[in-house]
A.B. asks: 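Sharing a structure, written as structure tokens. Questions coming.
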Amino acid sequence: MLDLNYVRANLDAVRLALDARRFPVEALEDFVRLDVKRRATIAESDTLNAQRNTASREIGALMKDGKRDEADARRQEITQLKERIAELDARRDASEAQMRGLLSTLPNIPHESVPTGADETANTEVRRWGSIPEFDFTPRDHVEIGEGLKILDLERATKISGARFNILKGAGAQLERALVNFMLDVHTRWAGYTEILPPFIVNEASLFGTGQLPKFEADLFKLNDERGLYLIPTAEVPVTNLHRDEILDASDLPLKWTAYSPCFRSEAGSHGRDTRGLIRQHQFEKVELVKYALPENSFDELETLTRDAERILQLLGLPHRTVLLSTGDMGFSAAKTYDIEVWIPSQNAFREISSCSNCTDFQARRASIRFRRAGGAKPEYVHTLNGSGLAVGRTWLAILENYQQADGSVLIPEALQPYMNNLERIEI
RNA sequence: GGAGAGGUCGCAUAGUGGCUUAGUGCACCGGUCUCGAAAACCGGAGUGGGGGAAACUCCACCGUGGGUUCAAAUCCCACCCUCUCCGCCA
């Protein structure tokens, strides 16, 4: 969420930034009008409240002195004040609700280093790692490889749950588990992240905090339950909300967490896209990285977080590139985002396997996550960052495709073998 | 699921309708003292919002939302959460 005072003071800059994000900016005009109304209402209601408080105290004093008649007279006075105050409060509540409604749907302001553009064609590649594998046979896609090795069963998953679900079996299930352990170990041992195992079901306030609600409810699975609970679309939600409504100490920052979780996404509106295989599923596993950073350090922290995610691909020997997203391609809460894309031989293309964002104070304001510098300084909002480190399902299929052999078997990357009981190859 | 207790300004507590628009202790910040520190003493300090150039000032906030009252932390209703005991359960 953007800061009310910031929007008020920087209306033109905000309008420009939102326009770059392809956000309809007309709504901002109402904003100014509502704000003027709101402040006038507050001023009057505060004054009347002050009068009421004074009168009340005087009545108290009169009652004590036994002057009932005078007290009764003053009561009349207050009754009128109260009506007017109730009226003003109702108006203020309405204005504030409208402003909040509008503010909560505005996306974050892009950082100045982000390229302006309408969509992904304006993204810029910042670096590339590894060489694209060459096969002396026609490479198969992961569905064919996985089903051939009997480690992937999509048909039965459809019977049991429906489209966009999958079943891993034997060495396939083991590979998934190995990847989770491997990623968590690398992040905790070498990069100083603390492991979190969060709830996979969260409340509305948490989803508001990270920005999924109110705008993107259609992307979520909501539980049929009076409590208004949802399955998490990413561990970013529970982990970023860890210190919601708290004031931390500046010396605690940065805080770095890594969390494994399944992720549940309804994928509404992506019918027909990536229908084959594991690329786009309703349920997938992910190891997430989350940081709270000091505002002055957050963009540096984004660089290291992105490198921490890339390291996994490098240790697994998977070719990839890193792309800086343009203003038109970024997510709602992000001020700056790098996507990491892994090479997928069957598609002859790089596909997203991680998305690393600095959300600056956008989520922190929605979730009220603050810190205080030494002594009695005013609380400030932390900057929150998150990135996949990595999407496990996509890593799984990238290994199958990049490490496939002519005979249909798949080699296990060396770094992963200790996590697979030293298995070197998955074969029939 | 049943019975009971409780949620107060970082922590711990006081406060059952107006001497409290929240007291006290600890922690915190500033000062006095000291070579320096500790102790002691003096003073300060919550969050959000409105007005103001500023000094400052006003309003709201005692789990959340309603209600009663001239006046609510305090009374009433609903909900959320925590703890204890019983039952059930991976």
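Just so you know, these numbers come straight off a predicted model, no measurement behind them. By convention in this document, chain letters (A, B, ...) are assigned in the order of the sequence lines, proteins followed by strands, and residues within each chain are numbered from 1. Heavy-atom basis, side chains included; hydrogens, waters and symmetry copies ignored.
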A.B. asks: Does the structure show a Watson-Crick or G-U wobble partner for B/C19, both distances under 3.5 Å? Name it, or say none.
C.D. replies: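 Its partner is none (no Watson-Crick or G-U wobble pair with both distances under 3.5 Å).
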A.B. asks: Between P on B/C11 and CG on A/Leu248, what's the gap in Å once rounded to a whole number?
C.D. replies: 13 Å
A.B. asks: Is it true that A/Asp249 and A/Ser251 share a donor-acceptor pair across their side chains at a distance under 3.5 Å?
C.D. replies: yes
A.B. asks: Measuring from the side chain of A/Arg372 (C-beta onward, heavy atoms only), which nucleotide among B/G50, B/C59, B/U47 has the closest atom?
C.D. replies: B/U47
A.B. asks: Please evaluate the base of B/G51 for a donor-acceptor partner in the side chain of A/Asp46 within a cut-off of under 3.5 Å?
C.D. replies: no
A.B. asks: If we call it a pair only when both distances are under 3.5 Å in a Watson-Crick or G-U wobble match, what pairs with B/A71?
C.D. replies: none
A.B. asks: Of A/Thr54 and A/Arg8, whose nearest nucleotide on RNA chain B comes first from the 5' end?
C.D. replies: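 Looking at the nearest nucleotide for each, A/Arg8 comes out on the 5' side.
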A.B. asks: Given atom CG of A/Leu48 and atom C1' of B/G51, what is their separation to the nearest angstrom?
C.D. replies: 15 Å
A.B. asks: Which one, B/A60, B/G49, B/U47, comes nearest to the side chain of A/Arg370?
C.D. replies: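 Among the listed nucleotides, the one closest to the side chain of A/Arg370 is B/U47.
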A.B. asks: Can you check the distance between B/U84 and B/A14, where both ends of the measurement are the C1' atom (answer in whole Å)?
C.D. replies: 24 Å
A.B. asks: Using whole Å, what does the distance between atom P of nucleotide B/C28 and atom CD1 of A/Ile247 come to?
C.D. replies: 18 Å
A.B. asks: From B/G18, B/G50, B/A60, pick the nucleotide closest to the side chain of A/Asn53?
C.D. replies: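 The listed nucleotide nearest to A/Asn53's side chain is B/A60.
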A.B. asks: Please report the shortest heavy-atom distance between A/Arg244 and A/Ala205, naming the atom on each side.
C.D. replies: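 A/Arg244 and A/Ala205 have their closest heavy atoms at NH1-CB, 3.5 Å.
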A.B. asks: Between atom CZ in A/Phe371 and atom P in B/G46, what is the gap in whole Å?
C.D. replies: 18 Å
A.B. asks: Across the strands shown, which category fits A/Arg365 at heavy-atom distances under 4.0 angstrom: base, sugar-phosphate, nothing?
C.D. replies: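 Touches nothing.
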A.B. asks: Is it true that a side-chain atom of A/Asn241 and a backbone atom of A/Val237 form a donor plus acceptor pair closer than 3.5 Å?
C.D. replies: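 Judged by distance alone, yes, a pair lies under 3.5 Å.
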A.B. asks: Heavy atoms only: give me the nearest A/Arg164-A/Ser270 pair and the separation to one decimal.
C.D. replies: NH2-O, 2.9 Å
A.B. asks: Any strand is fair game: report the nucleotide pairing with B/C33 by Watson-Crick or G-U wobble, both distances under 3.5 Å, or none.
C.D. replies: none
A.B. asks: Under a 3.5 Å limit for both distances, which nucleotide forms a Watson-Crick or G-U wobble pair with B/U64, could you say?
C.D. replies: B/A78
A.B. asks: How far does the P atom of B/G10 sit from the matching atom of B/A45, given to the nearest Å?
C.D. replies: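 About 16 Å, rounded to a whole number of Å.
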A.B. asks: Among B/U69, B/G49, B/U47, which nucleotide has an atom closest to any side-chain atom of A/Pro379?
C.D. replies: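 Of the candidates, B/U47 comes closest.
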A.B. asks: To the nearest angstrom, how far is A/Glu204 atom CD from B/U64 atom C1'?
C.D. replies: 14 Å
A.B. asks: Once you measure the plane-to-plane angle for A/Phe362 and A/Phe332, does it fall in the parallel (<30°), tilted (30-60°) or perpendicular (>60°) bin?
C.D. replies: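 If you compare the ring of A/Phe362 with that of A/Phe332, the planes turn out perpendicular.
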A.B. asks: Could you state the CD-P distance from A/Glu44 to B/C58, rounded to the nearest angstrom?
C.D. replies: 19 Å
A.B. asks: How close or far is atom P of B/G50 from atom CG of A/Leu4, stated in whole angstroms?
C.D. replies: 7 Å
A.B. asks: Distance between the P atoms of B/G4 and B/C41, in whole angstroms?
C.D. replies: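 Pairwise P distance, B/G4 against B/C41, rounds to 47 Å.
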A.B. asks: What distance, rounded to whole Å, do you find between the two C1' atoms, one in B/C76 and one in B/G17?
C.D. replies: 13 Å
A.B. asks: Please work out if A/Ile42 contacts a base, only the sugar-phosphate, or nothing of the nucleic acid, heavy-atom cut-off 4.0 Å.
C.D. replies: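 Counting heavy atoms under 4.0 Å across all strands, the contact made by A/Ile42 is with sugar-phosphate only.
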A.B. asks: Quantified in whole Å, what is the C1' atom distance between nucleotide B/U68 and nucleotide B/A55?
C.D. replies: 42 Å
A.B. asks: When the aromatic ring centroids of A/Phe182 and A/Tyr419 are compared, is their separation below 6.0 Å?
C.D. replies: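 Here the rings of A/Tyr419 and A/Phe182 have centres that are less than 6.0 Å from each other.
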A.B. asks: Using the P atom as the reference point in each nucleotide, state the distance between B/A60 and B/G66 in Å, no decimals.
C.D. replies: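 Taking atom P in both B/A60 and B/G66, they lie 15 Å apart.
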A.B. asks: Scan A/Ala55 against the nucleic acid and name what it touches under 4.0 Å (heavy atoms): base, sugar-phosphate only, or nothing.
C.D. replies: nothing
A.B. asks: Say we look at B/C85 and B/U47: how far apart would their P atoms be, to the nearest angstrom?
C.D. replies: 39 Å
A.B. asks: Of the nucleotides B/C70, B/G51, B/C58, which has the atom closest to the A/Arg39 side chain?
C.D. replies: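 Given the options B/C70, B/G51, B/C58, the side chain of A/Arg39 is closest to B/G51.
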A.B. asks: For B/C70, does OP1 or OP2 lie under 4.0 Å from any side-chain N or O of A/Arg52?
C.D. replies: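 So the side-chain polar atoms of A/Arg52 never come under 4.0 Å of the phosphate oxygens OP1 or OP2 of B/C70.
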A.B. asks: Atom CG of A/Asn49 to atom P of B/G49: distance rounded to whole Å?
C.D. replies: 18 Å
A.B. asks: From B/U47, B/A71, B/U21, pick the nucleotide closest to the side chain of A/Lys82?
C.D. replies: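 Given the options B/U47, B/A71, B/U21, the side chain of A/Lys82 is closest to B/A71.
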A.B. asks: Taking the nucleotide of RNA chain B with the closest heavy atom to each, which residue, A/Asp93 or A/Ile59, is nearer the 5' end?
C.D. replies: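 Result: A/Asp93.
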A.B. asks: Please answer whether the main-chain N or O of A/Asp300 pairs with a side-chain N or O of A/Asn297 as donor and acceptor at a distance below 3.5 Å.
C.D. replies: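 Side chain of A/Asn297 to backbone of A/Asp300: no pair is present.
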A.B. asks: Paired with B/C89: which nucleotide, if any, by Watson-Crick or G-U wobble criteria at under 3.5 Å for both distances?
C.D. replies: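 Answer to the pairing question: none, since B/C89 forms no Watson-Crick or G-U pair.
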A.B. asks: Distance between the P atoms of B/C9 and B/A5, in whole angstroms?
C.D. replies: 23 Å
A.B. asks: Using both distances under 3.5 Å as the test, list the Watson-Crick or G-U wobble partner of B/A12, or none.
C.D. replies: B/U24
A.B. asks: Please check this pair: side chain of A/Ser333 against backbone of A/Thr210, looking for a donor-acceptor N/O pair closer than 3.5 Å.
C.D. replies: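 Here the side-chain-to-backbone pair exists.
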A.B. asks: Let's test this: given Watson-Crick or G-U wobble pairing with both distances under 3.5 Å, identify the partner of B/G48.
C.D. replies: B/C59
